Amino acid sequence: MSKESTHSTSFIARPALLTAVLILVGLGVVAGFYWQQSLRVDTLRVSGIWFNQEADILEAAQVPMGIGPDSLNLEELKNRVMRLAYVKSVHPYIEPGGTLHLSIEERLPIALLVGGAVERYTDTEGVQLPVMTGKTVDVPLVYGFSSTKQTDTLKTTDFIQLARFLEEAKEHKFAWATLSEVAFDPQEGVVALSHENGVKLLFGTDSFTNKLANWELFYTQVIREIGIARIAQIDLRFNDQIITRES
């Protein structure tokens with residue numbers, strides 16, 4: 001009798017437990033729906049910016065306070081903010097409590113375009129960026145490319161080669177610290193001047209990682225021994241040899 005009673009109680013308890021779980025889930029859904037309907041954007045928060053001003057981001061976003069999340073057109077919001085200089089991407093999301101968080105990814109200058117009417121930075125995608133007061137960065141000077149309007153994008157084959165070189169040079173601490181000016185020559189490829197003594201460095205059009213490593217090796221093993229004053233040019237275009245020309 002006791003065993004039959006125990007099984008009966010267990011059989012009754014399981015549907016009751018399932019019902020309780022379903023009720024809790026239902027209440028959670030209702031609460032979530034009510035929270036979504038009652039939520040209003042009451043604060044804006046911006047992160048990830050250095051070049052841009054927060055006030056400019058908020059002005060471009062044009063988000064009215066008190067608006068419901070369902071009434072926000074996030075694609076239009078992102079497009080408005082991305083018209084600002086240095087904004088590469090925008091990731092908006094609502095935080096608990098009604099704060100709209102705009103997470104910004106900014107474009108990073110890889111070089112300073114000089115020689116034109118106006119000096120501008122450019123990133124690796126060729127997007128030209130204005131020089132902001134108090135927001136300067138230490139990047140190589142690049143010659144031979146037009147720096148006109150902010151919306152212009154450099155798309156020539158020469159610039160793509162140069163940008164690839166600069167991107168790899170930035171990952172190579174020694175090279176990035178020793179390069180001052182960079183240009184692209186149709187015959188010689190990427191041409192750079194060293195910070196020290198303005199030595200002309202020829203890097204060609206490919207295998208930049210290897211050639212940057214060769215430049216560091218040559219500097220540490222040869223230049224530190226003989227000095228750099230009498231060297232005018234170092235040709236690093238060939239993988240199996242380094243050719244120097246003295247002044």
Side-chain angles (χ1 to χ4, degrees), residues 28-113 116-140 142 145-171 176:
V29 171
V30 171
F33 177 78
Y34 175 78
W35 177 82
Q36 184 67 25
Q37 293 299 309
S38 62
L39 184 64
R40 292 293 181 267
V41 174
D42 57 11
T43 310
L44 294 179
R45 186 164 75 90
V46 180
S47 65
I49 58 173
W50 186 76
F51 290 102
N52 289 280
Q53 299 294 323
E54 182 173 321
D56 295 333
I57 300 290
L58 299 180
E59 182 179 353
Q62 299 177 22
V63 178
M65 292 297 97
I67 191 172
D70 291 343
S71 300
L72 277 174
N73 188 322
L74 296 182
E75 280 304 311
E76 289 185 0
L77 183 155
K78 290 191 288 186
N79 290 336
R80 288 193 298 269
V81 176
M82 286 177 63
R83 294 190 189 106
L84 295 174
Y86 288 95
V87 176
K88 184 175 183 179
S89 64
V90 186
H91 304 283
Y93 57 92
I94 305 292
E95 296 178 341
T99 296
L100 174 60
H101 184 176
L102 303 180
S103 178
I104 308 293
E105 180 187 3
E106 290 189 319
R107 295 187 177 277
L108 301 178
I110 196 75
L112 178 66
L113 304 174
V118 179
E119 291 186 352
R120 292 187 183 276
Y121 292 120
T122 181
D123 69 355
T124 55
E125 296 178 0
V127 176
Q128 296 189 38
L129 306 163
V131 178
M132 314 284 280
T133 303
K135 300 288 185 177
T136 57
V137 291
D138 186 16
V139 292
V142 166
F145 298 93
S146 174
S147 56
T148 54
K149 297 179 181 179
Q150 175 183 325
T151 53
D152 284 350
T153 301
L154 302 170
K155 297 179 179 179
T156 65
T157 302
D158 291 353
F159 179 79
I160 292 172
Q161 288 270 39
L162 191 66
R164 188 162 56 86
F165 169 79
L166 289 169
E167 197 168 15
E168 294 194 35
K170 192 173 183 179
E171 297 300 315
W176 195 245

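No hydrogens, no waters, no symmetry mates; every other heavy atom, side chains included, goes into these values. Remember, it's a predicted structure, so these values are computed and weren't measured experimentally.
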What pair of heavy atoms forms the shortest contact from [X] to [Y], and how long is it?
X	Y	result
Trp50	Val137	CZ3-CG1, 4.2 Å
Trp176	Pro140	CH2-CD, 3.3 Å
Met82	Ser89	SD-CA, 4.2 Å

(request) Taking the side chain as every heavy atom from C-beta outward, state whether Gln128 and Thr153 have any atom pair closer than 4.5 Å. (result) no
(request) Could you tell me whether the side chain of Phe145 reaches within less than 4.5 Å of the side chain of Thr122, counting heavy atoms only? (result) no
(message) If the condition is ring pair (Phe, Tyr, Trp, His ring centres under 6.0 Å), which residues does Phe165 pass it with, not counting sequence neighbours?
(response)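 In terms of ring pair (Phe, Tyr, Trp, His ring centres under 6.0 Å), with neighbours along the sequence ignored, Phe165 is linked to Phe203, Phe208.
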(message) I'd like to check the side-chain hydrogen bond (donor to acceptor under 3.5 Å, both in side chains) partners of Ser47; sequence neighbours left out, ordered by chain and number.
(response) His101
(request) Only pairs at least two apart or in different chains count here, so list each salt bridge (Lys or Arg N to Asp or Glu O under 4.0 Å) that has a residue in residues 121-135. (result)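 Counting only pairs at least two positions apart or across chains, the salt bridge (Lys or Arg N to Asp or Glu O under 4.0 Å) contacts touching residues 121-135 are Lys88-Glu125, Arg107-Asp123, Arg107-Glu125.
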(message) Just to verify, which of Ile67, Leu44, Val46 counts as forming a side-chain contact (heavy atoms from CB on, under 4.5 Å) with Leu100?
(response)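 For Leu100, the side-chain contact (heavy atoms from CB on, under 4.5 Å) test succeeds with only one of Ile67, Leu44, Val46, which is Leu44.
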What pairs with [X] under side-chain contact (heavy atoms from CB on, under 4.5 Å), at least two apart in sequence or on another chain?
X	result
Thr136	Tyr121, Val131
Asn73	Glu75, Glu76
Leu74	Leu72, Pro92

(request) Report the C-alpha separation of Met65 and Val41 in whole Å, then their side-chain angles, then the decisive distance to 0.1 Å, and conclude whether the side chain to side chain contact (heavy atoms under 4.5 Å, CB included) test is met. (result) CA-CA 6 Å; Met65 292 297 97; Val41 174; 4.2 Å; yes
With a cut-off of 3.5 Å and sequence neighbours excluded, list every side-chain donor-acceptor pair involving residues 51-62.
unit_1	atom_1	unit_2	atom_2	d
Asn52	ND2	Ala85	O	3.1
Asn52	ND2	Glu106	OE2	2.8

(message) Can you tell me how far apart CG (Leu162) and CG (Leu154) are? Round to the nearest 0.5 Å.
(response) 9.5 Å
(request) Any chance you could measure Asp42, atom CG, to Thr99, atom OG1, to the nearest 0.5 Å? (result) 5.5 Å
